[in-house]
J.: 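Below is one structure. I have some questions about it.
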Amino acid sequence: MRLRSKLVAAAACVMAVILPLGACSGSQSASRDDGKMIISYYASEPQNPLIPGDTNETGGGHVITMLYAGLVGYDKDGNPVNEVAKSITPHKDNTVFDIVLNDDWTFTDGTPVTAQSFTKAWSYTANATNAQMEASFFAPIKGYDKLQSGNEPSDEQLEGLKVISDYEFTVTLTAPSSTFPVMLGGNAFYPLPESFYADPDAYGSNPVGNGPYKFVSWTHNQDILVERNDSYHGAFPAKNDGIDFVIYTDIDTAYSDVQAGNLDLLDAIPSSSAVTFQYDPTVQAVNNPGSVIQTFTFPSDMPHFGDDEEGHLRRQAVSMAINRDTLCKKILGGTATPATDFLSPVTPGYSTSLQGADVLSYNPDKARELWDEANAINPWDNDTDVLKFSYNADNNAAKSLYEAVAHFISNNLGINATTNPIATFSEFRKEVTDRQLKTPFRTGWQPDYPAADNYLVQLYDSAAADGNGSNDGDYKNPDFDALMDKAAQASSVDEANKYYQQGEELLLKDLPAVPLYYANAAMVSATGVNNVETNWMNMPVLQDVTKDVTKE
């Protein structure tokens with residue numbers, strides 16, 4: 001997920017409509033009246049309906065991961081654990097996988113989870129006719145290119161998926177992949193019940209899952225309520241009675257509600273409290289190394305910053321004009337670590353010594369030199385040209401961060417750099433998705449599964465461009481794509497990571513996005529809330545969180 005899982009694709013974002021404090025917390029208070037242990041959790045309004053294959057941001061991603069169980073899940077350290085899958089058996093060359101399901105899983109509407117629950121859902125998501133944002137996850141499967149033509153019926157099935165029986169199917173890939181089984185816990189690979197296909201739009205407002213929780217209600221711009229699914233018998237059962245995803249317009253208000261005991265859990269820290277939250281006696285604080293990377297992305301067709309020599313020089317100059325250490329210490333209060341690559345410190349393949357990583361180091365003199373080289377190709381007009389950074393204004397931390405970024409660039413490059421705040425996260429993401437922005441824009445990534453390809457392929461491979469995935473800048477480099485293909489065909493994770501790192505070295509030259517920092521898993525909970533642990537996605541393990549309801 002999407003900064004979700006994910007994938008935010010952007011982490012720590014808040015939603016659209018400004019509500020009074022009572023409206024923000026009233027829903028979760030009402031849900032406690034029956035004495036149930038409902039955990040209230042800070043959330044943002046989802047960009048899209050709650051459909052797994054069309055969700056690549058954290059607002060919807062956090063909810064979906066509670067509602068569904070895939071073939072595999074991940075423990076808090078990122079290790080895959082079989083869920084619906086009884087076995088996943090690769091053939092010798094890792095191009096064909098036999099998948100056998102446990103036969104006792106059901107959706108919350110009582111219908112069985114079968115092989116077709118997966119094959120039909122995957123094919124629907126992969127089909128360009130259905131315009132699903134997670135389509136690129138299925139690029140390794142045979143028949144994906146055909147479904148991406150946009151000319152196939154909406155129910156056309158992926159050629160590489162073959163149903164053997166109600167509880168067995170095979171997957172044929174276009175090339176060997178030793179990491180394919182690890183991918184299968186991502187939300188794009190969740191199953192869907194037959195009821196989905198009758199009316200996908202209606203389903204997205206009232207989803208039917210098979211996970212540890214079941215959907216109760218969605219009051220837009222207020223909250224999403226889920227309750228424990230007692231029919232779930234997988235590896236990650238809920239220890240509480242439900243989660244109330246309470247949607248806030250202002251993160252400072254959310255923090256105040258945690259202090260007052262009106263909100264149980266907040267997994268983002270406002271900039272106003274970044275330095276003090278770990279010492280605040282009114283909250284319980286967590287600050288652990290995490291897997292979320294924060295970046296800003298350049299549209300590939302942005303004037304002066306395109307995928308050409310001038311554009312690459314200017315991108316490198318901008319990157320080297322930014323003091324990441326100061327951002328992490330002064331703006332983010334020590335809740336982040338300066339980026340040295342495109343992954344994260346807890347991801348296999350992470351490196352602090354990639355060739356070309358000096359473009360992520362603060363060097364104002366070199367930045368000015370690179371900028372002047374770009375001017376020799378195509379001059380920048382300081383009287384008319386302005387470099388703007390777009391972000392969602394309903395996130396106070398983003399405002400402080402990008403004002404600081406613009407300040408560094410203005411001072412060190414001697415140009416006019418400023419910000420372009422967009423009122424809400426949902427509006428901001430719509431402009432990104434619709435390719436309306438011609439400025440660098442805030443991006444980030446919360447992994448779907450713990451592997452380097454989830455960061456690199458999903459964000460920078462050509463297959464994920466043009467609205468087919470999370471390559472929001474539409475970066476396309478055939479040499480990079482070829483290295484990703486070689487990594488997928490590698491015989492081991494270590495061998496694959498060598499190719500992934502070579503791919504990163506190309507990214508460091510082209511800089512389709514500029515890595516800024518790795519966000520720590522920083523969060524606060526109200527006093528009396530128990531078992532708050534962070535997982536490999538920088539998220540709290542919501543199923544394990546408990547509290548004493550008698551104190552309400």
Side-chain angles (χ1 to χ4, degrees), residues 1-2 4-6 31 38 43 45-56 59-73 83-85 101-127 130-134 137 154-155 157 163 166-167 169 184-220 223-238 240-245 448 542-543:
M1 203 190 306
R2 286 184 342 85
R4 339 255 245 302
S5 178
K6 148 155 358 215
S31 69
I38 305 296
E45 176 76 0
Q47 179 187 0
N48 294 323
L50 294 172
I51 298 171
D54 202 29
T55 298
N56 71 344
H62 286 175
V63 180
I64 283 171
T65 57
M66 296 296 101
L67 295 178
Y68 290 88
L71 294 170
V72 301
E83 283 273 86
V84 181
L101 309 183
N102 290 296
D103 61 7
D104 54 353
W105 283 75
T106 60
F107 292 102
T108 54
D109 63 1
T111 60
V113 179
T114 67
Q116 283 199 332
S117 304
F118 289 95
T119 60
K120 288 183 67 173
W122 296 5
S123 298
Y124 182 93
T125 302
N127 195 326
N130 300 320
Q132 299 292 284
M133 298 184 73
E134 298 279 83
F137 279 90
S154 63
D155 60 354
Q157 299 298 288
V163 175
D166 284 349
Y167 298 103
F169 67 101
L184 296 176
N187 65 270
F189 295 93
Y190 288 149
L192 290 171
E194 284 299 311
S195 60
F196 166 79
Y197 304 98
D199 191 341
D201 290 336
Y203 177 94
S205 296
N206 191 17
V208 175
N210 65 321
Y213 295 89
K214 57 185 177 180
F215 179 82
V216 175
S217 64
W218 180 2
T219 304
H220 287 281
D223 80 330
I224 300 171
L225 183 63
V226 302
E227 65 182 10
R228 185 175 60 221
N229 176 14
D230 290 329
S231 296
Y232 169 83
H233 51 268
F236 311 103
N240 50 60
D241 293 315
I243 307 293
D244 193 4
F245 294 86
D448 302 274
L542 292 175
Q543 299 98 308

J.: Looking only at side chains, do D104 and Y167 share a donor and an acceptor under 3.5 Å apart?
T.: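 No - no donor-acceptor pair under 3.5 Å links their side chains.
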
J.: Working note: N56 + Q47, criterion side chain to side chain contact (heavy atoms under 4.5 Å, CB included); need CA distance, chi angles, decisive distance, verdict.
T.: CA-CA 9 Å; N56 71 344; Q47 179 187 0; 4.3 Å; yes

J.: Is F118 close to F189 at the side-chain level, that is, under 4.5 Å between some pair of heavy atoms?
T.: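 In short, these two side chains do not touch, never coming nearer than 4.5 Å.
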
J.: Quick one: list whatever passes side chain to side chain donor-acceptor pair (under 3.5 Å) with T125, sequence neighbours left out.
T.: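 Checked T125 against side chain to side chain donor-acceptor pair (under 3.5 Å); zero matches.
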
J.: Nearest heavy-atom pair of V113 and L101: which atoms, and what distance?
T.: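 Shortest heavy-atom contact: O-CD1, 4.3 Å.
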
J.: Identify the two heavy atoms, one from M66 and one from H62, that lie closest to each other, and give their separation to 0.1 Å.
T.: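 Scanning both residues completely, I find the closest heavy atoms to be CG-O, 3.5 Å.
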
J.: Can you tell if the side chain of L50 reaches within under 4.5 Å of the side chain of N206, non-hydrogen atoms only?
T.: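 Sidechains of N206 and L50: no contact.
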
J.: If we check ring pair (Phe, Tyr, Trp, His ring centres under 6.0 Å) with Y203, which of these qualifies: F196, F215, Y197?
T.: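 Looking at F196, F215, Y197, the match for Y203 under the ring pair (Phe, Tyr, Trp, His ring centres under 6.0 Å) is F196.
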
J.: Between CD of E227 and CD1 of I38, what distance do you get to the nearest 0.5 Å?
T.: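 The CD atom of E227 sits 7.5 Å away from the CD1 atom of I38.
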
J.: Establish, from distance only, whether the side-chain atoms of Y68 and E83 form a donor-acceptor pair under 3.5 Å.
T.: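 No donor-acceptor contact under 3.5 Å links the two side chains.
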
J.: Is the closest side-chain heavy-atom distance between T114 and V163 below 4.5 Å?
T.: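 Not in contact.
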
J.: If I take atom OG from residue S123 and atom CG from residue N130, how far apart are they, to the nearest 0.5 angstrom?
T.: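 Those atoms lie 10.0 Å apart.
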
J.: Might you point out which heavy atoms bring P191 and G70 nearest each other, and give the distance in Å?
T.: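 Shortest heavy-atom separation between P191 and G70 comes out as CD-CA, 4.4 Å.
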
J.: Kindly give the heavy-atom pair with the smallest separation between N48 and M133, and that separation in Å.
T.: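 Shortest heavy-atom separation between N48 and M133 comes out as ND2-SD, 3.2 Å.
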
J.: From F169 CZ over to Q116 CD, what is the distance, rounded to the nearest 0.5 angstrom?
T.: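 Between atom CZ of F169 and atom CD of Q116 there are 11.0 Å.
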
J.: Using the side chain to side chain donor-acceptor pair (under 3.5 Å) criterion, which residues pair with Q543? Sequence neighbours excluded.
T.: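 Result, side chain to side chain donor-acceptor pair (under 3.5 Å) vs Q543: none returned.
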
J.: Over all heavy atoms of both residues, which pair between W218 and G204 is shortest? Give the atoms and the distance, please.
T.: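 So the two residues come closest at CZ3-O, 3.7 Å.
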
J.: Tell me the closest heavy-atom pair linking Q157 and K120, and the distance in Å.
T.: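 Residues Q157 and K120, closest heavy atoms: OE1-CA, 3.5 Å.
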
J.: Quick one: pull up CG in N240 and CZ in R228 and give me the separation to the nearest 0.5 Å.
T.: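 Interatomic distance, N240 CG to R228 CZ, rounded to 0.5 Å: 7.5 Å.
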
J.: Do L192 and P52 come within less than 4.5 Å of each other through their side chains, counting heavy atoms only?
T.: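 When only atoms from C-beta onward are counted, P52 and L192 do touch, with a gap below 4.5 Å.
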
J.: Between side-chain atoms of residues 105-112 and protein atoms elsewhere (two or more places apart, or another chain), which donor-acceptor pairs fall under 3.5 Å?
T.:
residue, atom, partner, partner atom, Å
D109, OD1, T111, N, 3.0
D109, OD1, T111, OG1, 2.6

J.: Check whether any side-chain heavy atom of F245 sits under 4.5 Å from a side-chain heavy atom of L542, and report yes or no.
T.: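 Counting from C-beta outward, F245 and L542 do come under 4.5 Å.
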
J.: Is there side-chain contact between D166 and D103, with heavy atoms separated by less than 4.5 Å?
T.: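 No, every pair of side-chain atoms sits at 4.5 Å or beyond.
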
J.: How long is the span from the CG atom in L71 to the OH atom in Y190, to the nearest 0.5 Å?
T.: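 Separation between the atoms: 11.0 Å.
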
